[in-house]
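We count ligands from 1, going down the list as the structure has it; atoms in each ligand are counted the same way. We count residues from 1, following the sequence as given.
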Amino acid sequence: MARERIISPKEQTTDVEPSVIESSTHSIRPTTLEQYLGQAELRERLSVALEAAKDRDDPMEHVLLYGPPGLGKTTLAHVIANELGTRAWVTSGPALTKGSDLVGTLTRMEPGDVLFIDEIHRLPAAVEEYIYPAMEDYKIDFTLDSGMHARVVTYALQPFTLIGATTRAGLLTGALRSRFGIVHNIRFYETDELTAILQQAVIKLEMAPIDEASLHCIASRSRGTPRIALRLLRRVRDYSQVRCHHRFDQTVVDRALKLEGIDDMGLDTLDRMYLETLATVYEGGPAGVEAIAATMGEDAGTLQDVVEPYLLQAGFLSRTRQGRKITEIGQKLLKSGRKN
Ligand code: ADP
């Protein structure tokens, strides 16, 4: 079982998950493209697609977003719906077990609505087949009755935009991938971009003003991920309120994050344990992720989605044909960590 981490970019899920829910507004979530900070290239592509669609009174192109969790894929679906003046319907691949799970929503959607499917790589094949004609021709085929009396009835849908999100673009079938007009990789954010996201959040959360250096300090330890930055901001806010009479400066940030087990690089116990395992048990690698996961007692999927992307991007880890290898910088980081 994957344990919940303070810096886990995955959002906590509820036990009972309806297969599709209509969007609700989240207080910190940006609602316009202007409030959606960073990702300049993606924003430019989307603003062109949005304007063109609005001018022609057409639905917007289907969009596939790929990248690690917590980088703003769900948020973008809400932003797009809001910019189009329509609604967003949110679901995920594993919640849709059969084609009919989608029928209710697809038939209830109004012209131009947005359907967001998270973890689209986990969509069962039967549901995927339903989606093809829906995406291409805005229609779905139902089979009524069975055996000799079986007949296929075609139902026309309102034009809509599908936004698919995935952490593993490589697992998507070519057939599904080719049906998206816009395919974009959401990248990790720069520290300055995260600082700006935090500044925006401070205003939305109606917190007292915080100096830029403190926000920068949180941003630099957020592994390039807005969800982590926002979660750390809340942890530091609690600490400052309870332990420091509401003082909020770099020393308070340092103390609060140390208490949460986060080091100067923003790595937490799970990241360090991954690097330690690779360095000691596997002598630096190469080693397969399944083997590393088994040694750590973790789920290989969690390591691939949540731990590895940032370690790779930060240069602590490299991926070779033979498996994962710790880099020289990764070794140095472990050595300096052991000294402290
Ligand atoms: P994902 O769907 O990729 O896992 P989310 O869309 O849920 O990520 O984003 C996580 C949080 O980060 C959201 O609460 C949102 O407010 C914030 N966020 C993400 N991207 C941005 C951005 N570009 N600008 C401002 N806030 C963002």
Side-chain angles (χ1 to χ4, degrees), residues 2 4-14 17 21 23-47 50 63-83 88-95 114-122 162-169 183-207 215 218-219 221-235 237 266 301-302 304-307 309-310 313:
E4 187 55 35
R5 310 191 282 166
I6 171 84
I7 63 166
S8 158
K10 283 205 167 150
E11 216 162 20
Q12 298 201 351
T13 46
T14 46
E17 194 179 4
I21 49 168
S23 89
S24 60
T25 24
H26 181 298
S27 61
I28 306 192
R29 274 210 165 119
T31 48
T32 60
L33 213 47
E34 206 188 343
Q35 289 172 6
Y36 190 89
L37 307 171
Q39 311 291 347
E41 202 185 304
L42 172 62
R43 272 180 25 207
E44 176 62 8
R45 284 182 82 184
L46 289 176
S47 89
L50 276 166
V63 183
L64 177 67
L65 302 169
Y66 63 98
L71 297 189
K73 298 185 288 297
T74 315
T75 304
L76 254 189
H78 292 284
V79 165
I80 291 172
N82 189 50
E83 293 278 357
W89 302 76
V90 179
T91 187
S92 74
V114 169
L115 174 64
F116 176 73
I117 306 184
D118 201 7
E119 296 190 76
I120 198 163
H121 61 276
R122 293 177 64 190
L162 176 66
I163 302 191
T166 178
T167 46
R168 312 261 186 93
V183 177
H184 201 98
N185 176 17
I186 298 219
R187 54 165 188 77
F188 285 112
Y189 291 68
E190 302 292 336
T191 303
D192 287 347
E193 293 170 338
L194 287 179
T195 307
I197 290 176
L198 288 173
Q199 258 152 354
Q200 190 168 270
V202 165
I203 296 168
K204 284 202 176 177
L205 288 169
E206 298 179 353
M207 292 168 68
L215 293 181
I218 299 178
R221 297 183 189 183
S222 304
R223 308 153 107 249
T225 308
R227 184 178 297 145
I228 296 176
L230 295 170
R231 202 179 285 174
L232 293 182
L233 175 69
R234 289 196 175 94
R235 293 285 68 77
R237 176 176 65 169
T302 306
Q304 274 176 286
D305 284 354
V306 180
V307 176
Y310 186 71
Q313 135 104 16

> With a 4.0 Å cut-off on heavy atoms, is Pro69 touching ligand 1?
Replying inline: yes
> Just by distance, do the side chain of Glu83 and the backbone of Leu33 share a donor-acceptor pair under 3.5 Å?
Replying inline: yes
> Relative to atom 12 (O) of ligand 1, which among Ala165, Ala229, Pro226 owns the nearest non-hydrogen atom?
Replying inline: Pro226
>> Any heavy atom of Gln39 closer to ligand 1 than 4.0 angstrom?
In response: no
> Do any N/O atoms on Gln200 end up under 3.5 angstrom from N/O atoms on ligand 1?
Replying inline: no
>> Heavy-atom pairs closer than 4.0 Å: do any link ligand 1 to the side chain of Asp118, the backbone, both, or neither?
In response: neither
> Does Gly70 have a non-hydrogen atom less than 4.0 Å from ligand 1?
Replying inline: yes
> Near Thr75, which atoms of ligand 1 are under 4.0 Å from a heavy atom of that residue?
Replying inline: 5 (P), 6 (O), 9 (O), 13 (C), 15 (C)
> In terms of atom number and element, which parts of ligand 1 are under 4.0 angstrom from non-hydrogen atoms of Tyr189?
Replying inline: 20 (N), 21 (C), 22 (C), 23 (N)
> Quick one: ring pair (Phe, Tyr, Trp, His ring centres under 6.0 Å) partners of Tyr66, sequence neighbours excluded?
Replying inline: none
>> Can a donor-acceptor pair be found, under 3.5 Å and without considering hydrogens, that links the side chain of Glu119 to the backbone of Pro94?
In response: no
> Is there a side-chain contact between Pro309 and Phe188 (heavy atoms, below 4.5 Å)?
Replying inline: yes
>> Going by the closest heavy atom to atom 19 (C) of ligand 1, which one wins out of Gly67, Gly72, Pro30?
In response: Gly72
> Is the shortest heavy-atom distance from the side chain of Val90 to the side chain of His78 under 4.5 Å?
Replying inline: yes
> Would a 4.5 Å heavy-atom cut-off, applied to side chains only, mark Leu215 and Gln199 as touching?
Replying inline: yes
>> Is the contact between Ile197 and ligand 1 made by the side chain, the backbone, both, or neither, using heavy atoms and a 4.0 Å cut-off?
In response: side chain
>> For a 4.5 angstrom cut-off between non-hydrogen side-chain atoms, does Ile163 reach Ile117?
In response: no
>> For atom 23 (N) of ligand 1, which of the options Leu37, Thr167, Leu198 provides the nearest non-hydrogen atom?
In response: Leu37
>> My understanding is that only residues two or more places apart in sequence, or in another chain, count here; which of them pass side chain to side chain contact (heavy atoms under 4.5 Å, CB included) with Gln304?
In response: Arg168, Val289, Glu308, Arg324
> Among Leu65, Leu230, Val90, which residue places a heavy atom closest to atom 17 (C) of ligand 1?
Replying inline: Leu230
